[in-house]
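All remarks here apply to the structure that follows.
No hydrogens, no waters, no symmetry mates; every other heavy atom, side chains included, goes into these values. Below, chains carry the letters A, B, ... as their sequence lines are ordered, and counting in each starts from 1.
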Amino acid sequence: MNYWLMKSEPDAFSINDLIDCENQIEPWDGIRNYQARNMMRDQMKIGDLAFFYHSSCKVPAVVGVMKVHSEAYTDPTQFDPESKYYDPKSPPDNPRWQLVDMEFVEKFDRPVPLSTLRTIAELSEMKLLKKGNRLSILPITASEWEVIYNLSKA
DNA sequence: GCCAACGTTGGC
DNA sequence: GCCAACGTTGGC
């Protein structure tokens with residue numbers, strides 16, 4: 001069982017959008033970074049838990065919990081010229097990009113802002129808090145998960 | 001809107 | 001294989 005943090009810009013896709021999806025499940029499409037793809041493809045397991053993180057917004061924060069609902073499979077948007085995630089260089093017989101389906105679990109009554117995470121000593125080694133981190137999918141340790149989850153209930 | 005950090009691209 | 005140029009991310 002692994003723990004993850006997955007970023008999304010709420011203007012593009014927020015946790016409320018996930019709640020409104022059919023069965024509250026949605027393909028996590030548009031990942032166009034090899035490291036993030038490799039984590040989805042090689043390390044994510046069905047049932048893994050992930051924090052939903054709102055990025056590039058007024059109050060960047062961990063806003064809830066999802067779980068991995070599928071194995072990794074081909075992201076269809078890479079072949080769709082109408083999609084903003086279209087990748088004309090991806091070979092159809094050897095697709096570059098994959099995705100997993102994510103399922104809604106919980107929306108926090110108290111989102112945990114990035115500014116709060118920065119004040120917690122136990123979280124000082126988190127990749128999310130490291131300067132220059134731009135990965136949209138990050139692994140979280142079990143102890144980090146617990147600390148952040150408890151902050152949402154505090 | 002600014003800018004630092006970082007990944008990717010492409011010429012050589 | 002190097003590296004400069006460029007594009008993107010994302011906090012502030």
Where do Ser90(A) and Gln78(A) land on the side-chain hydrogen bond (donor to acceptor under 3.5 Å, both in side chains) test, with the steps shown first?
CA-CA 7 Å; Ser90(A) 180; Gln78(A) 69 196 298; 2.7 Å; yes
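- Dashed line: the shortest gap from a side-chain N or O of Lys7(A) to OP1 or OP2 of dG10(C) is under 4.0 Å.
- Checking dA4(B), dC6(B), dC12(C) against every side-chain atom of Leu114(A), the shortest atom distance belongs to dC12(C).
- Heavy atoms of Lys58(A) sit nowhere under 4.0 angstrom from any nucleic acid atom.
- Nearest nucleotide to the Ser55(A) side chain, out of dC12(C), dG10(C), dC6(B): dG10(C).
- Checking side-chain atoms of His54(A) against main-chain N and O of Ile15(A) turns up a donor-acceptor pair under 3.5 Å.
- Between Trp97(A) and Phe79(A), the distance separating the two ring centers is not shorter than 6.0 angstrom.
- Look at CD on Gln35(A): it is 17 Å from P on dA5(B), rounded to the nearest Å.
- The distance from atom CG of Asn33(A) to atom P of dG7(C) is 18 Å, rounded to the nearest whole Å.
- The side chain of Tyr34(A) sits closest to dT8(B) out of dC6(B), dT9(B), dT8(B).
- Dashed line: the shortest gap from a side-chain N or O of Arg118(A) to OP1 or OP2 of dC12(C) is under 4.0 Å.
- An OP1 or OP2 oxygen of dT9(C) is reached within less than 4.0 angstrom by no side-chain nitrogen or oxygen of Tyr53(A).
- Distance from the side chain of Pro60(A) is smallest to dG11(C) among dT9(C), dG11(C), dT8(B).
- Proximity of Lys89(A) to the phosphate of dG10(B): a side-chain N or O atom is located under 4.0 Å from OP1 or OP2.
- Taking atom CG on Leu135(A) and atom P on dC6(B), their separation rounds to 11 Å, with Å as the unit.
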